[in-house]
Amino acid sequence: MRIDWLWLREFVEPPAGVEELARLLPLQGLEVAGVERGPESLDGLRVARLAAVEPHPQADQLRLCRLDVGLGREVQVVSGAPNLRAGMLGVWAPPGARLPGRPEPLAATRFRGVLSEGMLCAGDELGLPGGDHAGVLELPAGTPGEPAERYLPVGDAVLELELTPNYAVHCQSVLGVAREVAARFGLPLPGPKAPAVDWEALAGSPLAPGIRLEAPDGCGRYVALLLEDVRPVPSPPEVQRRLRAAGLRPINALVDATNYVMLESGQPLHAFDADRLAWRDGRPLVGVRRARRGERLVTLDGVERELSQEDLLIVSEDRPVGLAGVMGGAGSEVEEGTRRVLLESAWFEPRSIRRTARRQGLPSEAAARFEKGVDPALQRPAALRAAELMVAWTGGRLAAAAEATGRLPGERRVAWRPERIRSLLGMEIGEGELRALLERLGFRFEEAGGGRFLVRVPSWRGDVEGEADLAEEAGRLAGYERIPSRLAASPGGLPEPDRPGLLRRLVRETLAGAGLSESVGYPLQGEERLRLLGFDPARCPRLANPISREQACLEPSLLPSLLASAEENRRQGREEWALFEVGRCFALADGGGVEERSAAGFLVRGRLAWSWADRGRPADFFTAKGLMEALLQRTAVRGARFERGGPAALHPGRAARVLAADGEPIGWLGELHPALARRLDLPEGMVAGELDLDAVLRLAEPPREPAPLARYPGVERDLSLVVPEEEPAERVAAAIREAAGPWLDRLFLFDVYHGEEIGAGRKSLAFSLTYRAPDRTLSDEEVARVHETVRARLKREGAQLRS
Amino acid sequence: MDGRKEQEAEELAGEALERIGQAASPEELEALRVAFLGRKGRLAQAFRRLPELPAEERRGYGQRLNEAKERIEEALAARAEALAAGELEARLAREQVDVTLPGAPVPLGAFHPLRLAEERVESIMASLGYEIWEGPEVESDELNFTALNIPPDHPARDMQDTFYLAPGGDGGTPREAGDAGEGGTSSRGGAPGALLLRTHTSPGQIRYMRAHAPRLPVRMISPGRVYRRDDDARHSPVFHQVEGLCVDRGVSMADLKGTLEALARGLFGAGTRIRLRPSYFPFTEPSVEVDVSCTICGGEGCAVCGTGWLEILGAGMVHPVVLRNGGYDPEEASGFAFGLGIERVAMLLYRVDNIRLLYRNDLRWLEPFRGGRAVRAD
Ligand SMILES: [Zn+2]
């Protein structure tokens with residue numbers, strides 16, 4: 001919302017400059033995005049009368065203007081403006097004058113051989129807010145030779161406001177902002193400008209418009225004025241400048257008057273060419289109804305629109321002539337020949353307007369106000385003000401008036417409980433002051449009997465509903481800096497521990513401690529990419545309105561995000577990376593809906609650590625498994641197993657699923673499929689893993705009571721055996737454990753060997769076994785006996801024992 | 001008394017001592033020990049000849065030999081000690097390393113600044129007695145909007161702001177990408193049962209209150225990922241917030257101000273000031289924007305802040321409608337809530353000037369966050 005400073009001061013005279021106001025308004029809730037300042041003075045510029053306009057001998061585009069610049073002196077300037085007219089008054093900048101935005105004083109210049117003694121100025125050359133370059137600025141009055149600044153809006157500025165939705169209800173107008181300024185300084189509250197008229201006489205005119213409200217729920221009030229003998233001439237230059245300063249395009253005085261009053265008061269208006277409406281019994285006809293199925297309307301912008309049955313229409317004897325509150329219809333608008341105007345000033349139900357504007361993609365200035373709810377008391381004054389301006393700018397007269405009412409919002413009253421307001425604000429503030437603050441904003445206090453009061457909310461404050469709103473109104477005017485800081489001791493005891501958060505932290509610290517850096521991923525992925533990574537997009541939650549195809553699904557795993565991070569690092573020329581993320585992934589739930597789970601994922605390529613002393617080892621399957629085992633140990637998940645398998649993104653021979661003790665899959669890990677790396681244009685040799693942290697939270701066991709420390713020495717024996725390559729080491733270990741029985745205190749695989757001497761397709765496993773009894777020292781014979789049992793068992797199972 | 005024999009013992013000792021003094025290694029010393037003190041050594045030979053001597057000579061000579069043996073033993077011990085000391089010194093000199101060579105690396109990953117910032121907020125609020133609690137990212141239209149007093153047709157519900165989920169549950173049916181039309185709108189958005197990606201962490205207020213009502217006090221913060229359907233240089237469609245909620249008897253804006261002041265000081269240093277400005281959120285009334293004095297210029301005004309103030313969070317007194325929707329009677333309890341953007345905090349704490357850096361996970365950029373920034377308080 002752009003508010004013109006001089007216009008604002010027609011309503012309120014604040015004891016502060018525009019800069020000071022720009023600083024103060026945000027502290028009462030009106031965000032100021034900026035101040036656009038016009039010139040403070042235009043010293044040296046003179047009023048000039050255009051005595052004659054002649055063609056330029058050398059250039060078709062230019063004219064020679066003879067200017068009367070006072071005291072019988074005439075000068076000649078060259079101008080290319082299209083609006084030059086003998087007799088008009090303009091602003092003459094003589095040679096030597098300084099213009100805003102020009103570092104050098106003006107010099108006499110020759111244009112195509114003809115001397116120009118200074119120039120006739122356009123609005124933008126004077127630096128005026130809303131000044132344009134469409135032609136020379138025409139002055140409304142003045143005598144040649146007078147200082148021009150007497151007739152120019154010097155010292156003007158535009159306040160650019162960014163209004164929150166609640167302030168948009170009552171501050172989308174000069175009047176609304178003026179009320180806020182008046183309240184700030186305790187000045188009398190301004191009201192709408194409206195001429196005094198004999199309404200009864202106008203309403204009693206035989207020309208009084210006929211209004212038919214078929215949708216009283218959509219239209220609370222409809223005021224229609226009929227003006228005669230008006231003309232669509234250009235509106236006064238200052239009006240045009242103000243419209244432009246506010247961001248609107250001047251059209252003609254009739255349309256401009258409706259826009260001017262909208263900007264001034266907040267009430268949108270519409271001017272129909274009354275002669276293009278239906279008449280009956282000598283009266284123009286208007287009405288409001290909902291659109292019918294399949295009905296169409298061509299709006300002012302020339303677009304034919306298909307209407308919905310929810311849309312509110314302005315009709316003239318049933319023929320649609322406008323989309324109520326949003327845009328007028330083509331075919332009834334003011335045009336060059338218009339002499340009679342039917343002026344509409346209405347209150348429309350905000351939600352209906354909002355829906356229509358959204359559905360039709362028409363965010364008009366009118367809709368922006370109607371959809372917030374305009375002041376329901378404003379229709380008649382605003383219409384009369386616009387009529388007054390039309391008559392003043394174009395001639396003619398206000399001939400007749402009519403008003404019809406539908407369902408209007410009632411006056412709101414809120415019970416007055418100052419102690420509640422005080423306790424909400426937490427501020428030391430007396431009842432008298434609270435009342436005074438609210439009264440400054442237009443709230444009124446009414447006795448309700450028994451010493452109780454009701455607060456009547458002003459009609460323009462549709463955003464104020466209850467006590468909390470009153471607290472905000474009083475508080476923001478009192479100033480929130482008066483609120484003290486209080487930090488109450490916590491009587492509620494300790495908060496519940498955040499177990500998921502503690503788990504995430506533990507996991508993050510474990511992975512960072514292993515050399516992986518934390519990645520924060522982007523969970524929206526394209527179907528194509530998910531498919532490429534081997535995930536089934538049909539099982540992923542999908543957005544109804546994605547920004548793009550590439551961001552249409554919620555990822556089912558952290559792997560896609562982590563790969564994106566890897567790609568980013570690859571782009572930076574890196575060959576090695578170690579990344580982890582702790583985040584959420586998503587899946588469609590069986591019964592509909594979405595399942596979210598918290599997971600930890602990692603993606604490593606290359607070495608986690610290396611130096612001149614130890615060249616390190618590129619990550620492989622066992623790196624991934626080591627990380628997974630570390631996570632399981634840190635998070636106290638016991639009895640987890642690994643079995644071959646895992647997502648399609650992994651190398652099928654170098655991938656494992658992690659199963660909880662009860663067999664439930666809780667994660668996976670492995671080397672990425674070489675074909676996948678190729679498709680992603682990433683180097684081979686990446687390993688990845690993922691652990692379901694929700695499952696971990698369920699499975700993590702409380703710390704066990706520690707086993708008593710061994711009191712008797714153990715005896716260590718090694719065992720080396722050769723088995724077929726496909727024999728899982730874990731099965732061999734299980735056989736050893738079973739055969740050794742309770743004296744086996746510790747079993748440790750310390751070597752795996754492949755080589756010619758043991759033959760192809762075979763591997764050698766070397767275990768270290770520690771035998772120990774809890775209650776005595778085992779004798780050599782006892783150890784030999786049990787160790788022999790183990791050897792015998794392994795032999796029986798086909799293992800070849802090495803000495 | 002034959003002085004010759006005694007002279008002989010003296011010479012033996014003298015020779016031994018001299019050679020011991022010249023011994024250059026433990027091995028040489030050992031050879032000398034054997035040569036003089038061994039079973040077949042020279043002293044042993046001399047002792048063996050003792051019985052051959054006359055009785056009167058025997059005593060004096062034996063005494064001399066014993067003295068010589070003691071002196072040789074002492075000399076051997078002293079020399080051994082000296083040699084050992086020298087040997088140790090030589091070894092230490094040999095074993096010297098270049099201390100400027102890099103150490104054997106202990107792998108050390110970095111934490112992401114967004115998480116570091118989030119953790120700082122969490123730890124400050126936890127110390128004020130707030131429970132950390134997380135809600136789902138896929139939320140119902142009802143909890144994300146309606147229950148928070150965001151009525152249908154409120155601007156915040158516009159399809160261009162909210163990601164809605166395609167109606168689903170038909171997990172087995174393959175669908176083509178982009179069915180819904182790119183950037184298209186769907187009339188389904190806003191249906192009461194519709195699922196969406198939460199646009200803020202505020203639905204956590206309702207979920208937490210409903211789980212706790214009617215118990216008081218309620219003190220909760222809820223960090224998490226949120227989604228908005230806009231994508232430009234200053235916004236990402238995915239970002240992070242922390243929601244805060246405090247409900248109790250007699251909670252006022254003074255509590256809001258005190259708590260947020262404590263949070264701001266915990267984050268940005270003890271000298272930080274805050275300022276409340278009236279604002280608007282549908283789920284709080286009164287609503288405020290909270291500015292902190294600029295962390296860069298200290299409030300003097302600089303290129304980053306302009307005015308000396310930085311807007312970091314929105315807050316307000318919980319709207320009576322929201323309290324009721326959470327299961328609390330606004331006549332009994334009141335509360336405040338706030339929402340803080342983690343990106344903003346991370347950018348201020350770690351002087352990040354481009355928000356995109358936060359989402360790239362560029363290791364060159366992340367690796368400095370191995371350092372002590374997590375523990376520094378200023
Ligand atoms: Zn600053």
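Naming: A, B, ... by sequence-line order, numbering from 1 per chain.
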Query raised in the report: Do you know which of B:P223, B:P102, B:A262 has the most heavy-atom pairs under 4.5 Å to chain A?
Result: B:P102
Report task. Look at A:E496, A:R422, A:R476 and state which one has the largest set of heavy-atom pairs under 4.5 Å with chain B. Result -> A:E496
**Report entry** Contact origin within A:R23 toward chain B - heavy atom pairs under 4.5 Å
**Finding:** neither
Report task. Report the residue from A:E31, A:E472, A:E481 that forms a salt bridge (Lys or Arg N to Asp or Glu O under 4.0 Å) with B:R277. Result -> A:E31
Query raised in the report: chain B: which of A:P26, A:A613, A:G501 shares the most heavy-atom pairs with it under 4.5 Å?
Result: A:P26
Query raised in the report: Can B:E134 and A:S598 be said to form a side chain to side chain contact (heavy atoms under 4.5 Å, CB included), step by step?
Result: CA-CA 11 Å; B:E134 286 204 6; A:S598 181; over 6 Å; no
**Report entry** Considering all heavy atoms, the nearest B:P278-A:G29 contact
**Finding:** CG-N, 3.5 Å
Report task. Start with the C-alpha gap between B:R115 and A:R504, add the side-chain angles, then the distance that decides, and say whether side chain to side chain contact (heavy atoms under 4.5 Å, CB included) holds. Result -> CA-CA 11 Å; B:R115 299 278 183 250; A:R504 281 195 303 274; over 6 Å; no
**Report entry** Nearest heavy-atom neighbours spanning A:S517 and B:A110
**Finding:** OG-N, 3.0 Å
Query raised in the report: What distance separates A:L487 CG from B:L263 CG, expressed to the nearest 0.5 Å?
Result: 11.0 Å
Query - Most chain A-contacting option - heavy-atom pairs closer than 4.5 Å, from B:E137, B:H319, B:R215 - result: B:E137
Report task. Count the heavy atoms of every other residue, nucleotide or ligand shown that sit under 6.0 Å from CD of A:E567, and state whether that count exceeds 12. Result -> yes
Query raised in the report: What option among A:E568, A:R584, A:R607 has the most heavy-atom pairs under 4.5 Å with chain B?
Result: A:R584
Query raised in the report: Within the side chain of A:N545, is there an N or O that forms a donor-acceptor pair under 3.5 Å with the backbone of B:T162?
Result: yes
Query raised in the report: Roughly how far apart are A:L579 CG and B:L363 CG, rounded to 0.5 Å?
Result: 5.0 Å
Query raised in the report: For A:W612, is it the side chain, the backbone, both, or neither that has a heavy atom closer than 4.5 Å to a heavy atom of chain B?
Result: side chain
Query raised in the report: Okay, side chain of A:E518, backbone of B:F111: is any donor-acceptor separation there less than 3.5 Å?
Result: no
Report summary line: So, the part of A:E509 with a heavy atom under 4.5 Å from chain B: the answer is both
Query raised in the report: In terms of heavy-atom pairs under 4.5 Å, which option from A:A512, A:S423, A:P500 contacts chain B the most?
Result: A:A512
Requested in this report: Supply the atom-to-atom distance B:Y359 OH to A:Y522 OH, rounded to the nearest 0.5 angstrom.
Outcome: 9.5 Å
Report task. Taking B:R229 for its side chain and A:P546 for its backbone only, find out whether a donor-acceptor pair lies under 3.5 Å. Result -> yes
Query raised in the report: Does the side chain of B:Y227 reach to within under 4.5 Å of the side chain of A:P523, using non-hydrogen atoms?
Result: yes
Query - B:P107 versus A:G515, closest heavy-atom pair with distance - result: CB-CA, 3.4 Å
Query raised in the report: Counting N and O atoms only, with roles assigned by atom type, does the side chain of B:N361 sit under 3.5 Å from a partner on the main chain of A:V520, one being a donor and the other an acceptor?
Result: yes
**Report entry** Separation between OG1 of A:T164 and CZ of B:F281, rounded to the nearest 0.5 Å
**Finding:** 9.0 Å
Report task. Check whether any side-chain N or O of A:E596 sits under 3.5 Å from a backbone N or O of B:V138 as a donor-acceptor pair, and report yes or no. Result -> yes
Report summary line: Per-residue tally against chain B (heavy atom, under 4.5 Å) across A:G526, A:S611, A:S485 peaks at A:S485
Query - Over 12 foreign heavy atoms within 6.0 Å of CZ, A:R499 - result: no
Query raised in the report: Within a strict 4.5 Å, meaning less than it, do heavy atoms of the B:L256 and A:I483 side chains meet?
Result: no
Query - Between B:E367, B:E289, B:M220, B:E122, the one whose heavy-atom pairs under 4.5 Å with chain A are most numerous - result: B:E367
Query raised in the report: Side chain, backbone, both or neither: which part of A:D614 has an atom under 4.5 Å from a heavy atom of chain B?
Result: neither
Query raised in the report: How many angstroms lie between atom OG of B:S287 and atom CG of A:D469, to the nearest 0.5 angstrom?
Result: 9.0 Å
Query - Choice from B:P136, B:S334, B:S279 maximising heavy atom contacts with chain A below 4.5 Å - result: B:P136
Query raised in the report: Given that the side chain runs from C-beta out, which part of A:R417 has a heavy atom under 4.5 Å from chain B: side chain, backbone, both or neither?
Result: side chain
**Report entry** Stepwise side chain to side chain contact (heavy atoms under 4.5 Å, CB included) test for B:H112 and A:E581
**Finding:** CA-CA 9 Å; B:H112 198 287; A:E581 175 168 7; over 6 Å; no
Query raised in the report: Got A:E465 and B:E285 here, is their nearest side-chain heavy-atom distance under 4.5 Å?
Result: no
Query raised in the report: Between B:H240, B:M253, B:R360, B:M317, which shows the greatest number of heavy-atom pairs under 4.5 Å with chain A?
Result: B:M253
**Report entry** chain A interface, residue from B:V288, B:L276, B:I274, B:D255 that has the most non-hydrogen pairs under 4.5 Å
**Finding:** B:D255
Requested in this report: For the residue pair A:R486 and B:S252, establish whether any side-chain heavy-atom pair is separated by less than 4.5 Å.
Outcome: yes
Query raised in the report: Given that the side chain runs from C-beta out, which part of B:P320 has a heavy atom under 4.5 Å from chain A: side chain, backbone, both or neither?
Result: side chain
Query raised in the report: A:L511, A:L424, A:L524, A:L470: which one forms the most heavy-atom pairs within less than 4.5 Å of chain B?
Result: A:L424
Query raised in the report: For the atom pair CH2 (B:W365) and CD (A:Q572), what is the distance rounded to the nearest 0.5 Å?
Result: 13.0 Å
Query - chain B contact via A:L425 - which portion, at a heavy-atom distance below 4.5 Å - result: both
Report task. Name the region of B:L366, side chain, backbone, both or neither, that has any atom closer than 4.5 Å to a heavy atom of chain A. Result -> side chain
